[in-house]
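Quick note: numbers below take in every heavy atom, side chains included, and nothing from hydrogens, waters or symmetry partners.
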Amino acid sequence: MASTSETCCTTDLKVGFMGAGRMAYAITRGIVNAGLVRPSNIIVSDPSPLMKNEFEELGVAFTDDNKEVVARSQLIVLSVKPNMVKPVLQEVSSLISKDNIIVSIAAGIKLATIEELLPSGTRVVRVMPNTPVLVQAGAAVLAPGSAANPRDAQLVAQLLSSVGICEQASEKLLDAVTGLSGSGPAYAFAAIEAMADGGVKMGLPRDLAMKLAAQTMLGAAKMVVETGRHPGQLKDEVCSPGGTTITAMHVLEKNGFRASLIDAVEAATKRAEELGQQ
């Protein structure tokens with residue numbers, strides 16, 4: 001088996017996923033669609049066949065055997081629920097070598113916890129991605145473990161950058177990343193749904209209201225990213241004196257719109273911390 005220390009981000013990289021949930025599917029589909037990894041070089045394991053057809057439609061192998069994933073992979077993504085991390089790693093630990101990189105996307109599970117369950121010197125990278133990797137618009141943050149080298153972090157960043165953006169940060173910030181960008185798509189989906197409902201209430205057809213709400217959210221996000229300007233400044237430029245937008249903003253402020261989002265990020269962050277402690 002070729003060593004990942006000698007492997008750059010190429011289509012020859014062999015990637016395995018232990019856990020076949022929505023996030024694993026999103027990342028798999030993203031890197032396949034980006035042409036970054038050959039489908040034939042990807043294998044996914046899960047005891048449940050629930051997602052089997054979706055993965056096989058991408059051209060990747062599907063198995064119920066975690067040990068097969070380890071045997072066939074260089075970079076192994078731990079994509080199981082947090083409560084399954086310990087039994088899964090205990091099952092495959094004896095098969096992990098220093099040629100492997102273990103990438104954990106399990107929310108709240110600390111690097112030290114993962115490293116304790118694996119052979120000494122195992123190269124581990126912890127990542128918090130989000131589901132828009134499915135459409136190559138994800139936001140991920142990684143933190144390398146004690147034995148991971150800069151090249152390992154670069155490799156993982158290159159993979160995830162093909163399906164969005166990937167930043168590196170201290171592990172102590174990853175719970176807050178979980179609360180913001182990890183859970184954040186759900187906040188945005190709820191906002192889009194509510195805006196569309198508002199349009200329907202005021203007489204717009206449902207399909208038109210949904211398209212307008214989604215495109216408005218997309219366009220606003222794109223302006224923030226591409227202009228680099230503060231969202232508050234961009235907001236002010238939409239708010240004409242005595243106009244419709246400033247009137248609407250007053251209602252949002254009165255009903256705690258901004259405070260609710262801040263509270264949501266805080267609550268999700270604390271839950272991620274709880275998961276790590278459990």
Side-chain angles (χ1 to χ4, degrees), residues 22-23 26-27 29-30 33-34 105 107 127-142 157 160-170 172-273:
R22 301 306 306 180
M23 182 62 74
I27 295 174
R29 181 174 173 180
N33 287 348
I105 62 172
V127 178
M128 175 44 60
N130 64 7
T131 54
V133 296
L134 185 65
V135 291
Q136 299 183 27
V141 177
L142 69 82
L160 290 166
S161 293
S162 72
V163 290
I165 66 168
C166 184
E167 302 290 335
Q168 183 169 331
S170 168
K172 66 182 181 181
L173 299 178
L174 288 193
D175 288 333
V177 170
T178 302
L180 176 57
S181 58
S183 300
Y187 316 153
F189 297 146
I192 291 169
E193 182 184 31
M195 289 167 63
D197 284 348
V200 171
K201 181 179 181 181
M202 301 315 296
L204 293 178
R206 170 67 64 181
D207 59 344
L208 176 60
M210 193 65 72
K211 286 180 182 178
L212 292 175
Q215 183 63 33
T216 298
M217 190 73 75
L218 175 64
K222 193 171 183 180
M223 286 183 69
V224 173
V225 171
E226 294 190 0
T227 66
R229 295 165 67 191
H230 193 283
Q233 181 182 5
L234 294 171
K235 178 262 296 178
D236 288 347
E237 292 176 357
V238 186
C239 294
S240 302
T244 60
T245 309
I246 191 61
T247 303
M249 290 304 303
H250 178 218
V251 173
L252 290 175
E253 291 290 349
K254 186 167 61 174
N255 286 280
F257 176 71
R258 284 157 45 89
S260 293
L261 286 175
I262 293 169
D263 288 347
V265 173
E266 181 181 13
T269 299
K270 289 181 176 178
R271 180 55 182 156
E273 293 171 350

Could you go through R206 and D197, starting from their C-alpha distance and side-chain angles, then the distance that decides it, and tell me whether this counts as side-chain contact (heavy atoms from CB on, under 4.5 Å)?
CA-CA 8 Å; R206 170 67 64 181; D197 284 348; 2.6 Å; yes
Rounded to the nearest 0.5 Å, how far apart are [atom1] of [X] and [atom2] of [Y]?
X: Q136; Y: N33; atom1: CD; atom2: CG; result: 6.0 Å
X: M128; Y: L142; atom1: CE; atom2: CG; result: 12.0 Å
X: K222; Y: Q215; atom1: NZ; atom2: CD; result: 8.5 Å
X: M249; Y: T244; atom1: CE; atom2: OG1; result: 12.0 Å
X: E167; Y: S161; atom1: CD; atom2: OG; result: 8.0 Å
X: L212; Y: D207; atom1: CG; atom2: CG; result: 9.5 Å

For residues [X] and [Y], report the shortest heavy-atom separation together with the two atoms involved.
X: S240; Y: I246; answer: O-CG2, 3.6 Å
X: A196; Y: A209; answer: O-CB, 3.5 Å
X: M217; Y: A188; answer: CE-O, 4.0 Å

For the pair V265 and Y187, evaluate side-chain contact (heavy atoms from CB on, under 4.5 Å) and give the outcome as yes or no after the intermediate values.
CA-CA 9 Å; V265 173; Y187 316 153; 4.0 Å; yes
Cationic N near anionic O, under 4.0 Å, R229 to D236
no
Do P231 and K235 come close enough that some side-chain heavy atom pair is under 4.5 Å?
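Answer no - side chains too far apart.
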Taking everything shown except R258 itself, do over 12 heavy atoms lie less than 6.0 Å from its CZ?
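Incorrect, the count does not exceed 12.
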Checking the side chain of [X] only, and the main-chain atoms of [Y] only, is there a donor and an acceptor separated by less than 3.5 Å?
X: S183; Y: A268; value: no
X: D175; Y: T269; value: no
X: N130; Y: A139; value: yes

Just one of V163, I105, V141 clears the side-chain contact (heavy atoms from CB on, under 4.5 Å) bar with P129, so which one?
I105
Candidate list V177, L174, L160, I27, test side-chain contact (heavy atoms from CB on, under 4.5 Å), partner V127, passing option
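Answer after filtering V177, L174, L160, I27: L160.
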